[in-house]
Peer 1: 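Here it is, the structure in full.
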Amino acid sequence: MKIEADRDICIGAGMCVMNAEEVFDQGDDGIVVVLEADVPPEHADAAARAVAGCPSGALRRIED
Ligand code: SF4
């Protein structure tokens, strides 16, 4: 699984970091930073939860 984030849509709510801190971080401006765009299998469930829980729809999941 791969993850894409649209930093123009992100509102900095931080839900993605709470759901998957290995995959996401927030920059100084609060906007999402993807740490692992190519998500390893052990983080796939957490990353999927983060995508589903993002309130702005900024995250997109791309299946391999
Ligand atoms: S959950 Fe969505 S809106 Fe919140 S920081 Fe992550 S990408 Fe941005």
Side-chain angles (χ1 to χ4, degrees):
M1 180 209 295
K2 291 185 172 56
I3 295 282
E4 274 184 359
D6 188 333
R7 303 188 80 243
D8 292 332
I9 294 177
C10 172
I11 57 172
M15 295 295 292
C16 54
V17 181
M18 281 192 272
N19 276 304
E21 63 182 6
E22 302 87 355
V23 182
F24 302 101
D25 198 358
Q26 288 171 279
D28 291 341
D29 53 4
I31 302 302
V32 65
V33 174
V34 179
L35 301 175
E36 291 183 315
D38 203 347
V39 181
E42 64 269 28
H43 297 157
D45 286 350
R49 277 196 299 277
V51 173
C54 173
S56 69
L59 303 178
R60 198 158 70 95
R61 170 181 174 170
I62 304 162
E63 297 298 336
D64 290 329

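Order of listing sets the numbers, starting from 1, for every ligand and every atom in it. Note that this is a predicted model, so its numbers are computed, not measured.
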Peer 1: What residue and heavy atom of the protein are closest to atom 8 (Fe) of ligand 1, and at what distance?
Peer 2: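 Ranked first by proximity to atom 8 (Fe) of ligand 1 is C10 SG, 2.3 Å.
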Peer 1: Verify, without hydrogens or angle tests, whether E4 (side chain) and I62 (backbone) share a donor-acceptor contact under 3.5 angstrom.
Peer 2: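 Side chain of E4 to backbone of I62, a donor-acceptor pair under 3.5 Å: no, none is there.
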Peer 1: Check for me whether G14 has a heavy atom closer than 4.0 Å to any atom of ligand 1.
Peer 2: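 It does; at least one heavy atom falls under 4.0 Å.
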Peer 1: Hey, is the main chain of V32 close enough, under 3.5 Å, to the side chain of R7 for a donor-acceptor pair?
Peer 2: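 Such a contact is found between R7 side chain and V32 backbone.
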Peer 1: Heavy-atom distances under 4.0 Å are what count here, so tell me which part of V17 touches ligand 1: side chain, backbone, both or neither.
Peer 2: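 Near ligand 1, V17 shows nothing, with every heavy atom at 4.0 Å or more.
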Peer 1: Is it the case that over 12 heavy atoms from other parts of the model lie below 6.0 angstrom from the CD atom of E36?
Peer 2: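 Yes - once you tally the heavy atoms of other residues, nucleotides and ligands closer than 6.0 Å, there are more than 12.
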Peer 1: Has C54 got an N, O or S atom lying less than 2.8 Å from atom 8 (Fe) of ligand 1?
Peer 2: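 Short answer: no, not a single N, O or S atom is under the cut-off.
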Peer 1: Would you give the length of the straight line joining atom CD1 of I3 to atom NE2 of H43, rounded to the nearest 0.5 angstrom?
Peer 2: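 Taking CD1 in I3 and NE2 in H43, the distance rounds to 12.5 Å.
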Peer 1: Please name the pair of heavy atoms, one in G27 and one in V33, separated by the smallest distance, quoted to 0.1 Å.
Peer 2: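 Nearest pair, atom of G27 first, then V33: N-CG2, 3.7 Å.
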Peer 1: Under a 4.0 angstrom heavy-atom cut-off, which atoms of ligand 1 come close to L59?
Peer 2: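 Selected atoms, number and element: 7 (S).
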Peer 1: Just which atoms of ligand 1 are under 4.0 Å from any heavy atom in A13?
Peer 2: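 Close to A13: 3 (S), 4 (Fe), 5 (S).
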Peer 1: Counting non-hydrogen protein atoms only, what is the nearest one to atom 6 (Fe) of ligand 1? Give residue, atom name and distance.
Peer 2: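 Here the nearest protein heavy atom works out to C16 SG, 2.3 Å.
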Peer 1: Taking all heavy atoms of A44 and all of M1, pick out the closest pair and write down the distance.
Peer 2: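 Closest approach of A44 to M1, heavy atoms only: O-CE, 3.4 Å.
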Peer 1: I'd like to check which ligand 1 atoms, numbered from 1 as shown, lie under 4.0 Å from a non-hydrogen atom of P55.
Peer 2: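 Heavy-atom distances to P55 below 4.0 Å select 1 (S).
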